[in-house]
Structure formats: structure tokens, C-alpha cells
Amino acid sequence: MAEAVSEGAEITVEKDRSGSGPGGLPLRGLFRTHVWPHRASLAAGAVFLALTNWLTVSIPGEIGRSVDALQRGLPVGGHALAIALMGAAIIVIRALSRILIFNPVRDMEYRFRQDFFAHLLRLPMAFWVTHRRGDIVSRAANDIGWVRVMVGYGGLQALNVSLALGLTGWKMVALSPRLTLLSVAPIAVGMAVVQWGIRRFIALFRRNQEQLGEISDHVLGSLQGMATIQGFAAEDAFTDRFRARNLDWLRTGMRMALVRSLAMPVLALSGGLAVGVLVAVGGAMVHAGTLSVGELTAFVALLMVLLPPLRSLGWLVSVAQRGRAALERLLEILQAPVPEESGATAAAATPGSGPGIMVKGLEFTYPGGAAPALEISGAVIPAGSMVGIFGRTGAGKSTLLRLLARLEEPPPGCLFVDGQDLVEIPLEAWRRRVVLVPQRPFLFSETVTFNVALTEEPDMERVRWAVGAAVLEDDLRALPEGLDTLVGERGVMLSGGQRQRVALARGLYRGGDLLLLDDVLSAVDHATETRLVETLEGLSGGPGHPTVVIASHRLSVLQRTGHVLVLDRGLLVDSGPFAEVVARPGPLRDVWLARRAGMADGGPVTGEAAS
Amino acid sequence: MRDLKLLGRLLPFLRKDAWAFAVALVLTPTAAGLSLLQPWLVKRAIDGHIVTGSMEGMGRLMVLYLGAVVGAWIVEAGYGLTLAWGGQRGIVRLRQALYEHLLRLPQSVLDRQPAGRLLTRITSDVDALGEAFSSGVVMILLDLLMIAGTVVAMALLDWRLTLFLLLLAPPFLAVLELLRRRLRTVFMAVRSALSAINSFLAERVDGVEVVQLYAHEEVAQRQFARLGRRFRDAATRSNVHDALTYALVDGASAMAVAAMVWFGSGGPGGLLGPLFHGSVSAGLLVAFIGYLDRLFRPLRELSGKVAVIQRGMASLAKVFELLDEPVPDPERGAPVEEVRGHLVLRDVRFAYPEGTDVIRGVDLEVRPGELVALVGATGSGKTTLTRLLDTSYGGYRGSILLDGRELASLAPRQVRRKVAGVRQDIQLFSDTLRFNVDLGNPAITLERCEAAARAVHADLVVERLGWEGVLRERGAGLSVGEGQLVTFARAMAHDPRVLILDEATASVDPVTERLIQEALGRLFEGRTVIVVAHRLSTVRNADRIVVMEAGRIVEQGTHHELMEAGGRYAALVRAGEAFLAA
Ligand SMILES: Nc1ncnc2c1ncn2[C@@H]1O[C@H](COP(=O)(O)OP(=O)(O)OP(=O)(O)O)[C@@H](O)[C@H]1O
Ligand SMILES: Nc1ncnc2c1ncn2[C@@H]1O[C@H](COP(=O)(O)OP(=O)(O)OP(=O)(O)O)[C@@H](O)[C@H]1O
Ligand SMILES: [Mg+2]
Ligand SMILES: [Mg+2]
């Protein structure tokens, strides 16, 4: 019993320690922002809780007195009335204590979840590539709930249990120290066993949660690739993999059940033993005349009062441990650093006009990557120009664009925007100027309008313009509700080309000084492509206009850009005006010649033509 | 009633472990009996020995008591174990069945089900069900048994006192029931608010790149806050009900004791005196306090259990709603053995559920071994047409004949073994590279995987990752083109008779693309191939080019024929080649 209480104390101590830890996300800060504002309600709740406990332990004494009165044939009406009044008071006060304590905790949970979400949205890509998203979502969904239970239920019960144990213990000692010692002994042993059980249980619980996480990931993966699974009749392999995970989960679950079934009822066992000891020893004492029957009755009643908080103590410890495990998992994420405005002293270079970009000695390796994905000794993207990037699959085009958008963090001193080191520009200010339309479009399961504007109060004028500029009007006419059509998860209700153009319209709606388009014309036909390129040409074009960078595999697109960069296996192998680059030997020329040959004879394109 | 029927549907999953439940069923009354025996023995000890002072026989009584206490523990443990055994195995079976069901859901249904919701069915819902089952339904059975047993035991001890106490019960129970009902509705609100929070969060996490790139954080946070507040307010309301229930039970148990003492002493104004005079002994009072504790303990935990059960019942309903979603048996239909790859489409029409026709009368014949290209504006229905051919969507009108047999009459899974290819959206699994190519098909050897990877020039990826290297979620860690090559290798390794390539090289550079085409020509000599492509340079050497527009075929012929005809195709080609002339 004493052990268990100190366990609770240990938790708070640990919290404090991590609170003052260097660089740790301040639990103290969390306390100040989330708990402190509710102090009045919480304090009132605690007072009410203490009152309830005092009332609860007062009742057995009253019972004892009425038994003695009964024995002596005295009237007991007064005692009965007192007990009844205490009962009535308990109803009101206990309800109030629970409401006053639990409701603020709900608000804390809300704020905490809000913070967590805000933090998630700001975590850099480097974080996301090393964490499974399903796992993160499950932490937000389940672990925050566990922390809330620990703070609310756990806090209340901790107070409750310590008050109840303290008061009951005190009353018991006042009645008979010897009986107290004797009856508490089996309970202490029982608590120790339960303690051990809970520890095992929590370890298994953690394993079980992880296994459930694996099941979730498997299911999500299957759902995302369902067309492939069904299309290749590969259901059996996936079913087998699922079964293996399911059975792992079962094994842990059964071990949990074993611990729970054996260890948890030990408390009832020891409670029963305590009553037995009480009756045997107490009976002897009554016999010897050192204890009245009424006192013995009161003692048994006190033990009955003692048992429920002890039972909750068992759960309290398990709740605290689960809560702690959950909090650790959450802090792990909350402590993951978001991009700091490291020395973000440099003022954002003049927004409102396309920046010129200079690359100097850039070498970039993905976290965990073996070789650099990109090594560019020098390149220039003139202000307000439209530049194309060409390169074979995996050459590093997307990597370059992601670095420019600072989705990946470039090393310092490599990328310069209007002469200023990119990493020194405050991220937020830079993000306001740059727009990247990613290679794989991502749509939210909302309306087309929301997906384009990404706000709930869209500027409809601009939405219509963006949609028009992305050549989506005809498609929208065919959709059931036009701009208000719900596109389904990831846009399943749209065709590949439509998805891509909605994502492009989003980029156009937002606008910016630097437009980075990552292969955004790969899923459109040539006629649509021509119109899109014209739109883009209209956007850029000299100083004062946005700078546009397009990665593409299509010569027809690249040729329309003023300037091309040719990448090969992470190296910049050529750059310059399209006409010049295509005149020099290199990958671009190979493709060009092949296309020319294809056009000239109209026959099958052969490999030789390319060499 | 409806709840019972729902519960009945669980039976098939539990039946295999019927013995475990039978054992638990026997142990239940035993546990209750042993537990109820204890206060009675205590009463006997106090009234029969302690008060009277005759210690004879007290020892035997104490041994009996000890037996009851230890016996109760053993029985309770055995009971918990057998239940967990039966229950958890049932849960695992249910989950497996759900997953297998999921794998059979037609695409048209999957399109309309958020992944998060289906995931909830298979994880949280099944979990809630297990919880409701083990700590809810069964516990409540035990509780009810305990309550009934307690009342009987009390009545045996002193029926008059018991009767008086029972007379107090109805108003108390009425209030409790009222609270429970309110709690139920509030609970529904809590649940739906929570699931809204979770699916919103999951989607934003999925698209976190876009959120960051478009500085969408604040808007998303505002939306999330709205959902969060909805949840908080509902939870707060449920809290109030919960607190009231809990406090009511707590206070009522004290009031019951008061009533007992009062009645025992003769009731109001000693009116009942004659009835009780001298009958309420100290031992009786102690025993009744013990019994009252056993009576109120389950009630006190009732609100919690009701919540668990209600969550469980709601989950049960949702789980069976999903299981009741009709799924076609993919093995049902005429068997498909050898496929030559002859396709005939006659006036084929198709609409997605709740949509207008997307395919509007397509007539097309593809002869065995022919390479046919489908081209046309985006959104014209090319992908949809291929989805009909590989049976991912059923329910077309008109007729599609595969080697002269109606496609809809054939077993879909057997068709899929022969008709497959590369899909427009790149689907990768976070599993080994090898698994991503062979999809666990034991007939596909490593050599075949290697040959496939070479054919599509994915060697670099293989070299970097190794066949046992594990891909990250949705192919993060590969360039988009590399991911597409892996899916292409998958199609090659499966070696279908009819190969469908839907924009299979859209994200691949033209050099690699041409190399793949050559390999394809060699490897798929004599096979039927259908290619969908926007980059027209890739389809120039097709045997036939079919141009689609708004769900119809508007032109077909070879490249030369179509160029000569000077129609849509020629216009598209000119748009794509205008730059060459420059
Ligand atoms: N799952 C779906 N549910 C409802 N409508 C859909 C679905 N998939 C596609 N559509 C609609 O059907 C039409 C045809 O789409 P489809 O994907 O067949 O076009 P596509 O010719 O392949 O176009 P793209 O070249 O852009 O890939 C589009 O208007 C699209 O909005
Ligand atoms: N997150 C990542 N972690 C590790 N390596 C990566 C990651 N993303 C890409 N790579 C690797 O970096 C190289 C460059 O990838 P990138 O996406 O920039 O190519 P790309 O030129 O855009 O190709 P594509 O034409 O296929 O889009 C590739 O070899 C790729 O496998
Ligand atoms: Mg790329
Ligand atoms: Mg398509």
C-alpha cells in the first residue's frame, strides 16, 4: 500500500525533473498554460472531494454508535437521520467535485490536442520520413486520451485515495491500533502483488499497442493499394500477412489476460482475509472485553470503506503508468524540433517580384541516404525567367525544387535568393513568396473550391480565374456540382489529369514570386498542355514578374522555357537556352533527335536514332 | 431487442470456443455464491460467537470463511481466463473476417469510404467490442447475478428488513435509468465528435506537405479547433451526467444504511417497533453492510460499464453494417483458363455510382496480340474504360467479350490473373522491394523479378535498395519515376496475357521510356497490350490508335492514317510537336 502511494509520488517527481530538463518541452510550461487557468475550479473540486471523503469515513462511526445504542435498547433515530443527511450531502458534494475537476480537464485535453496538432503541422519533412504517419495519428487519437485520464481521473483518484486511506487509517488507528495493523497486513501484501501485476500488464499493454499500430498500418496500406491487390489477385498474400500480425496481437492479449485474471482479484482476496483476521482477533478482543461489539462493527464498516479506494489504487497506478507511457510518446513528438528561425535576421528580400536564384557548391544527401542526391557546383536562375529542368528518372529534379521551397533544409551557403542565403530568410516569409506544386497531387476530401483556395472564405473571383488558368473549366462542367463537387479522399472521384490540374490551380490561386512546378503536366494531353504553358508564359516574363521553374519530361514544355538545366544522377551536366543546349551533345539532344527522327518518318522510334 | 439480435450475430465467431464460455458460465454462480457466503459467515461469527461469547466452533467457521475467500479468488481467476480465451479468440476471428471482407469490397464502394473509417472498423471498433464483451456484457451478467443473489441472501437473513430496503429502490432506480438514457444520447454525440477529429487529423497529417507549402496551418488549426470544441462540449455534458450517476449511487448506499438502522429501531415514531423489536442484531447489521456494499458496487461502476457497452453496441452495429455490405465472390463465375486476349466491346456504357455516364457507347475490337493505344483529352474516360476491362469496376451496360465470353459472367479473380497492368496512380506498399514486385505470389521467382526489373530499367533502384530493402510508406524515399518503374516491374513479373498500361511511363524520362518500349515489344510479342498515354510520341508505333472524347471513340487507325485524316489526333500531335518545327 505504502509502496503504491510512493509510486504515485514518484510520477510527479519525474514530471518535475523533465520539466526542468534542458531543451525539454516544458511540462511546467504546459502546466502554466493549461492547468493554471483552471486553478479556481480545480481547487474547489479538491475541497469538495476532501469533504466527501470526510463524510464517507464518518458514517461507519455513526453506524457503530447506533449498533451500541441498539444493543443497549436506546433510540437510534438520531443516528439514522445523521447517516441519511450525510448520504444526501455526499450526493451533492461528490457530484460537484467530479464536475469541477473533470470539466476543466476536458478543456485541458482540448488545448493540448490543439497544441499537438499545431506542432504536427509544423514538423519538417525530415521528421515525417522517419515516422510512420499511422502511428502519429494513433498517438493523437489514443495517447492524448490516456493523458487526460491520467490527469483527470488519476488526479481525482489520487486525491481521493490518499484522503480516504489517510482518514480511514486514522479512524481505524483511533479505534484499535492492533486491529489496524493486523487487518492491514494482508492488504499490504495484496497490494504488492497487484503492483507487480500492473507492471507486467503495462509492459504487455505497450507491446499490444504497438502490435495494434502494425495492424493499422497494414490495413491502411492495403486500403491504399487495394486496386493493386485485387487487380493482381494477391489477396492471399495480404491475408496471410494480416493473420500473422493478428495472431501476434492475440498472444500478447492472452498474456495480458493471464496477468489480469490472476493478479487483480488478489485485492479482493486480501480484503476478505483482512475481514477474517478482524473477526477472529476482534472477536477474541470482544470476548476479553477490550473492544465493544459496536466498535468491531465500525471496524468492519471502515474496512468496507477502505476497500473501494484500494481497488481504485490498483487502477490508479495502472492509469498513471499508461498515462506516463502515453505522455512520453507525445512528448517525443512535441519535442521534435520545428524549423527554428535560426539567425533569421535577414529581412525578406523585396517581395513582389520574381527573385533570381544562384546555386553554389550545393551538395545534399537525404537523411539516411548513402550518396548525395544532388551535387551542383554552380547554376543560375535569372529573376523573372521561366526555367525548365530536364533529367532522367531519379536525377534530382524534385530534390532541387524541394530544397528551393525549403521542404528539405538546404545546407547554408549553397542557395542564394537575390544574393541572400536562403537559409537566412525567415521560413515563413519565404513560404509566402514561394509556391511549389508537388509532383504527386494531394487533394483533401473536400470541395474543389476548398482544394483550390484552402480557406473557408475563398475569393471566388480568384478561384474562377485559377481554375480557368489551369484549364479546368470543361472538366468542372462535367462534374455533378461543378466547383462544389466533393472530390473524395485524395481526389478519387477525379481523373488523373483533373487531380493534377486542381493541384496546379491551387498553386496559381496562391500565387507567389517563385513558382516551382514539379512535373505538373505529366497527366495532361498535348492540347491542354499547350494552353497551360501559355498561361505560365503569361505569368512570367521579365523583371517584376514571378520566376517560374518547371521540371518536366516533355520537350514540348521545356522548349517553351527560356532556359533549361539538365541534371544527371544528381549532377548538373548542362544549362543554357534550350536551343543551345539541344545543339550540344547530351541527354537532351538525344531525346530531341529521337523525336525529330520519329516525326520525320513517322515510323517506330528505334534506339539507334537516339545514339 | 435489436441489441440482442446484434449480439446473436457474434455467435458464429465465438462458437468454436463454446467450451470456454460453458466453463465461465458454470464458474459465474460459483464465484457469486462464494462471495455472498462471506458476509453470512461473518454474521454467524459475530452473532453466534462473539456477542454470545461462546468461542466453540468459531475455528471451524473461520476455516470455512478462509475457504470461501480463497475459493472465490481461484474461481474468479479461472472465470476471467476462460472468458478472455474465448472472447479474444473470437475477436481475432472477427477481425480476420473483417479484413478479408475488406479485400473483397468492390472499388466503387471503397471510393466512397474514407480509409480512416474502415480502419476504425477493424481496429477501434473491434477493440471496443472486445472490451464491451469482456468487461461489459459478461461483467454485467455477473453483476446482475450478484445483485439477485445478494437480495436473496439478505431476504434469507431477514426478509422484513430486505423488503423495506427494496421499497426504497424504485425511485432510486428510476432516477438512475433517466440518467442512463440521457447519457446514451450524449455519448453518441461524443463518439461522432471524436471520430470527426480523428479523421480530420489523419487527413491533414497525410497532406502535411501541402499544408506547409501553402501556409495552410492556421486555417487547418481553426477547423480543428472547431471540431475540438464540439468534442469538448459533448464530453463536458457527458461528464455531468456521469458525475451525477456516480454520486447518486454513492450517497444512496449511505442512505440505505440509515434506513436500515432506522427501520431496525422501529421506524417512524416507533410505529414498526413491534415488527422489528429485538430482531436487528449487530451481526445482522454488519452482514447487511457487507451485502449493501456488494449491491452498490456494481451500481457504482454501472455508468462506466454502460458507457463501455454502449460503445461496444455502437461498434457492433457498425462492424456488421460493413460485413453486410454485399461483396461479390471474386471466384464466382465461369472459370477462365487460357486467354488469347481477344476483346470485343459493343455499345459499352458505364456510370460511376450516382454519376452520369462516363463511357457513352464504346464499340471496339482488340485482336489477340494487337497493341492498341487509347488517347484523348484528360477526363475523357480512358482510365475508366481500362477499369472495366480489368474488372475493377463491374456494372457496365452493353457487352464486353473476352475471347467470346461475356466478361461479367467470368470469375473476376481469374480474369485478373490474365488481365492486369500498370495503374495511373502509383501504388506501393511499405514492404520489401521484392514483395512490391511479386506481391507474395509464390510462382514468381527471384529471377523473374530480376528480369522484370531489367526490362523496365529499374536496376538502379534494385541496386540501391536491394530486393529485401523495405520501401517507405507510399514509396516515399523513391523519386516518383522510380516508384512508377517498380509498379511497371510488378506488371511485367506477373506476366498477364492482356497487359494494360495506364500512363505507365508518364513520370518516366523519355530515354528510359523508349528503352522500356523496346523491351516491351520483345517480351510481349503476341500478347494483347492496351496503352493509355498522353505523350503521343510513345504510342506512335501502336498497331492502332483509338482516340476518345467525352466517353466515346471519335477516331481510330494507325498513326499514319490518323495523321492523314487530319482529325483530332493529328491536332493533338501537332500541338505536341509544334516545338520541333521551331
Ligand atoms: N471513382 C470515380 N467516381 C466518380 N467519378 C469518377 C471516378 N473516377 C473518374 N471519374 C470521372 O470520370 C470521368 C472520366 O475519368 P477517367 O479517369 O476515366 O479519365 P481519363 O480519360 O483517364 O483522364 P486522364 O487523362 O486525366 O487520366 C472524369 O470526369 C472523372 O471526374
Ligand atoms: N526522401 C528520400 N530519401 C532518400 N532518398 C530519396 C528521397 N527522395 C528521393 N530520393 C532519391 O534521390 C534521388 C533523386 O530523387 P528526385 O525525386 O529528386 O528525382 P527526380 O529527378 O525528381 O526523378 P523523377 O523524374 O522520377 O521525378 C533518387 O535517386 C531518389 O531515389
Ligand atoms: Mg521528381
Ligand atoms: Mg486516366
Side-chain angles (χ1 to χ4, degrees), chain A residues 66-67 76 80 83-84 87 90-91 94-95 98-99 102-103 106 110 117 121 133 137 141 221 223 225 228 233-235 237 242 250 253 257 261-262 265 269 272 276 279 283 286 293 297 304 392-394 436 439 442 454-455 475 492 495-497 522 524-527 530 553 556 559 591 604, chain B residues 45 50 65 69 73 76-77 80-81 84 88 92 99 103 111 115 119 122 198 202 205 207 210 213 216-217 219 224 228 232 235-236 239 243-244 247 251 254-255 258 261-262 265 282 286 293 377-379 413 416-417 424 427 429 439-440 479-482 506 509-510 534 541 572 575-576 579:
Chain A
S66 55
V67 167
V76 294
I83 297 175
I90 283 178
I91 296 184
R94 187 169 300 280
R98 288 177 89 91
I99 291 171
F102 283 162
N103 283 359
R106 286 294 183 175
Y110 157 71
F117 183 65
L121 294 186
R133 298 188 188 199
V137 172
L223 284 173
T228 299
E235 289 95 338
F242 185 78
L250 176 66
S261 309
L262 286 179
L269 172 75
V279 172
V286 171
V293 176
T297 314
M304 292 298 161
R392 299 200 39 185
T393 296
L436 167 63
Q439 195 167 6
F442 182 91
L454 288 181
T455 136
D475 302 86
V492 279
S495 85
S522 68
V524 298
D525 57 274
H526 286 306
T530 310
H553 291 302
S556 44
Q559 187 262 348
V591 178
Chain B
I50 296 174
Y65 179 81
V69 170
W73 173 65
E76 209 175 310
L81 270 179
Q88 296 215 20
V92 162
Y99 181 74
L103 289 184
D111 282 352
L119 178 67
I122 236 173
N198 287 340
V205 163
V210 170
L213 281 170
H216 179 52
E217 291 96 342
V219 176
F224 191 64
R232 180 193 62 189
T236 305
N239 242 350
L244 279 176
M255 290 167 99
V261 170
W262 194 29
S265 72
V286 173
D293 178 55
T378 94
R413 230 174 134 202
R416 290 171 193 164
R417 292 211 175 86
Q424 193 170 9
Q427 298 190 332
F429 302 95
L439 292 177
S479 87
V480 175
E482 287 168 341
D509 65 274
H534 282 304
N541 51 356
L572 279 176
F579 74 99

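Protein chains get the first letters and strands the later ones, always in sequence-line order, with residue 1 at the start of each. Because the structure is predicted, anything quoted here is derived from the model rather than measured.
Using a 4.5 Å cut-off between heavy atoms, A/Thr228 contacts chain B through both its backbone and its side chain. Proximity to chain B involves both the backbone and the side chain of A/Val279, based on heavy atoms less than 4.5 angstrom apart. Looking at B/Thr378, both its backbone and its side chain come within 4.5 Å of chain A, counting heavy atoms on both sides. The contact between B/Gln424 and chain A is made entirely by side chain atoms (from C-beta outward), counting heavy-atom distances below 4.5 Å. The parts of A/Asn103 that come within reach of chain B are both its backbone and its side chain, each placing non-hydrogen atoms under 4.5 angstrom from that chain. Proximity to chain B (any heavy atom under 4.5 Å) is shown, for A/Thr393, by both the backbone and the side chain. With a 4.5 angstrom heavy-atom cutoff, A/Ile99 touches chain B via backbone and side-chain atoms both. Residue B/Leu81 touches chain A through both its backbone and its side chain, counting heavy-atom pairs closer than 4.5 Å. Contact annotation for B/Phe429: only side-chain heavy atoms (C-beta onward) come within less than 4.5 Å of a heavy atom of chain A.
Shortest non-hydrogen contact noted between B/Ala258 and A/Ala80 is CB-O, 3.2 Å. Here the closest non-hydrogen pair linking A/Glu235 and B/Leu103 is O-CD1, 3.7 Å. Residues A/Leu262 and B/Ala77 come closest through the heavy atom pair CD2-CB, 3.8 Å. Closest approach of A/Ala95 and B/Leu244 over heavy atoms only: CB-CD2, 4.0 Å. Heavy atoms only, all atoms of each residue included: B/Ala84 and A/Ala257 are closest at CB-CB, 3.3 Å. Contact between A/Arg94 and B/Ala247 at its shortest, heavy atoms only, is CB-CB, 3.8 Å.
Taking chain B as the reference chain and counting heavy-atom pairs below 4.5 Å, the highest number among A/Gly221, A/Ser261, A/Ser495 is found for A/Ser261. Chain A forms more heavy-atom pairs under 4.5 Å with one residue of B/Leu439, B/Asn198, B/Leu213 than with any other, namely B/Leu213. Among A/Val492, A/Leu269, A/Thr455, the residue with the largest count of heavy-atom pairs under 4.5 Å with chain B is A/Leu269. Heavy-atom pairs under 4.5 Å with chain A peak, among B/Ala243, B/Gly481, B/Ala254, at B/Ala243. Your options are A/Ile83, A/Leu223, A/Ile91, and the one with the most heavy-atom pairs under 4.5 Å with chain B is A/Ile91. Chain B forms more heavy-atom pairs under 4.5 Å with one residue of A/Ile90, A/Leu250, A/Thr530 than with any other, namely A/Leu250. When each of B/Gln427, B/Glu482, B/Met255 is scored by its heavy-atom pairs under 4.5 Å with chain A, the top score falls to B/Gln427. Note: B/Ala115 leads B/Ala45, B/Gly379, B/Ala115 in heavy-atom pairs under 4.5 Å with chain A.
A distance of 11.5 Å separates OH in A/Tyr110 from OG1 in B/Thr236, rounded to the nearest 0.5 Å. Between A/Asp525 atom CG and B/Leu572 atom CG the span is 5.5 Å, to the nearest 0.5 Å.
At a threshold of 4.5 Å between non-hydrogen side-chain atoms, the residues B/Val219 and A/Leu454 do not count as touching.
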